[in-house]
S.K.: 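One structure coming up, written as structure tokens, with questions to follow.
Below, chains carry the letters A, B, ... as their sequence lines are ordered, and counting in each starts from 1.
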Amino acid sequence: MRSPRQLPQTFYARSARTVARRLLGARLVHFDQGRRIGGRIVEAEAYCDSDEPDLGCHGSANKGRPTSRTAVMFGPPGFAYVYFTYGMHWMFNVVTGAEGMANAVLIRALEPMEGLEVMAKRRQRPEWEWTNGPAKLTQALGIERELNGASLYGADSVIWIEADEVVGDDAIAAGPRIGLGNMPEPWHSMPWRFWIRHNPYVSRA
DNA sequence: AGGACGATTAACT
DNA sequence: GTTAATCGTCCTG
């Protein structure tokens, strides 16, 4: 194992909503060039929760059948689903639930904890803006296409999540997901975005 | 083959 | 509040 606290595959083998909530306070680590870059997860969103249809979720494209892009989502839990969007941004998700279900959790914001000097070189801004958005955190941690499909629970993983701070239910807030655009109701308003209350690193949108 | 658009961000009025 | 940047993916024909 990379760390005694590295989350096992069983952690991810639950509904996306459950995993999204339990991921708050945990630490995402990218082991890059022999050094740890990472931070505490403070915001996450569930997509294609359990077996409910979720239009607008990538897994619902192509009539709910896997495509080359979404294949990883349909695979077993505990793997990274990394995709490219808007012609310039990378997004990091963890695959959850049962194999074949296309469930995933988007990591939307972190509190920087390790490798700050690397993040600083990659992002010319005040520290609180380094990782307060899904495409900002991937840039800060150096997450790109080669991590798509990477195992998060393996003994020699290069990216994984560790148990860290315990966040109580009363410190967690929930609300509609961000940036859904044309996603129809009821999914547009489903409260599947979770974040730590009063945390300065949560995305502002 | 072609076009619309995106789980976003930074810059500008 | 509005908009450009920038290109892979999916849907239509």
S.K.: With salt bridge (charged side-chain N to carboxylate O under 4.0 Å, His left out) as the test, pick out the partner of Arg27(A) among Glu162(A), Glu114(A), Glu165(A).
M.R.: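 Single salt bridge (charged side-chain N to carboxylate O under 4.0 Å, His left out) partner of Arg27(A) among Glu162(A), Glu114(A), Glu165(A): Glu114(A).
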S.K.: Does Arg177(A) make a cation-pi contact with Tyr47(A) (under 6.0 Å, within 45 degrees of the axis)?
M.R.: yes
S.K.: Please classify the nucleic acid contact of Gly179(A) as base, sugar-phosphate, or nothing, using heavy-atom distances under 4.0 Å.
M.R.: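 Gly179(A): backbone/sugar contact only, no base atoms under 4.0 Å.
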S.K.: Suppose we call two aromatic rings close when their centres sit under 6.0 Å apart. Are Phe79(A) and Tyr153(A) close by that rule?
M.R.: yes
S.K.: From dT8(B), dA7(B), dT6(C), pick the nucleotide closest to the side chain of Leu180(A)?
M.R.: dA7(B)
S.K.: Within the 4.0 Å heavy-atom criterion, would you say Met73(A) contacts the bases, only the backbone, or no part of the nucleic acid?
M.R.: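 Base: the residue Met73(A), judged by heavy atoms under 4.0 Å, touches a nucleobase.
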S.K.: Please report the distance, rounded to the nearest Å, between CZ in Arg122(A) and C1' in dT9(B).
M.R.: 18 Å
S.K.: Please give, in whole Å, the distance from dG6(B) P to His58(A) NE2?
M.R.: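 Those two atoms, NE2 and P, are 10 Å apart.
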S.K.: Just by modelled atom types, is the Val82(A) backbone N or O under 3.5 Å from a matching donor or acceptor in the Glu144(A) side chain?
M.R.: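 No.
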S.K.: Out of Leu106(A), Thr96(A), Val72(A), Val105(A), which residue meets the side-chain contact (heavy atoms from CB on, under 4.5 Å) rule with Tyr81(A)?
M.R.: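 Option passing the side-chain contact (heavy atoms from CB on, under 4.5 Å) with Tyr81(A): Val72(A).
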S.K.: Any salt bridge (charged side-chain N to carboxylate O under 4.0 Å, His left out) involving residues 80-109 of chain A? Give me the pairs, sequence neighbours left out, ordered by first then second residue.
M.R.: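 Every pair satisfying salt bridge (charged side-chain N to carboxylate O under 4.0 Å, His left out) with a residue in residues 80-109 of chain A: Glu43(A)-Arg108(A), Glu45(A)-Arg108(A).
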S.K.: Using the six-membered base ring of dA7(B), report whether Tyr47(A) stacks on it, requiring centroids under 5.5 Å and planes under 30° apart.
M.R.: yes
S.K.: Atom CZ of Phe194(A) to atom P of dA7(B): distance rounded to whole Å?
M.R.: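 It is 19 Å, rounded to the nearest whole Å.
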S.K.: Between dA10(B), dT8(B), dA5(C), which nucleotide gets closest to the side-chain atoms of Ala135(A)?
M.R.: dT8(B)
S.K.: Can you give the dot-bracket line for DNA chain B, where a pair is Watson-Crick or G-U wobble with both atom distances under 3.5 Å, crossing pairs use [ ], and | marks a partner on another strand?
M.R.: ||||||.|||||.
S.K.: Rounded to whole angstroms, how far apart are CG on Leu137(A) and P on dA7(B)?
M.R.: 16 Å
S.K.: Among the nucleotides dG6(B), dC11(C), dA7(B), which one has an atom lying closest to any side-chain atom of Asn62(A)?
M.R.: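 Out of dG6(B), dC11(C), dA7(B), the nucleotide with an atom closest to Asn62(A)'s side chain is dC11(C).
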S.K.: Are the side chains of Arg5(A) and Val29(A) in touch, meaning some heavy atoms are under 4.5 Å apart?
M.R.: no
S.K.: Below the 4.0 Å mark, does dT8(B) have OP1 or OP2 next to a side-chain nitrogen or oxygen of Arg204(A)?
M.R.: no
S.K.: Looking at the side chain of Met88(A), which of dC10(C), dT6(C), dT8(B) is the nearest nucleotide?
M.R.: dT6(C)
S.K.: Could you state the interatomic distance from CD1 (Ile41(A)) to CG (Asp164(A)), rounded to the nearest 0.5 Å?
M.R.: 10.0 Å
S.K.: Of all the nucleotides listed (dG6(B), dA10(B), dT9(B)), which has the minimum atom distance to the side chain of His89(A)?
M.R.: dT9(B)
S.K.: Between dC11(C), dT8(B), dT9(C), which one does the side chain of Pro134(A) approach most closely?
M.R.: dT8(B)
S.K.: Could you tell me the separation between the CD atom of Glu43(A) and the C1' atom of dT8(B), rounded to a whole number of Å?
M.R.: 13 Å
S.K.: How many whole angstroms separate atom CG of Leu55(A) from atom C1' of dG6(B)?
M.R.: 16 Å
S.K.: For Phe84(A) and dG8(C), say yes or no: do the ring centres fall under 5.5 Å of each other while the ring planes differ by less than 30°?
M.R.: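 Phe84(A) ring does not meet the centre or angle cut-off for dG8(C); no stack.
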S.K.: Let me know the distance between CE of Met183(A) and P of dT8(B), rounded to the nearest Å.
M.R.: 10 Å
S.K.: Side chain of Arg125(A): nearest nucleotide among dT8(B), dA11(B), dT9(B)?
M.R.: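 Ranking dT8(B), dA11(B), dT9(B) by closest atom to the Arg125(A) side chain puts dA11(B) first.
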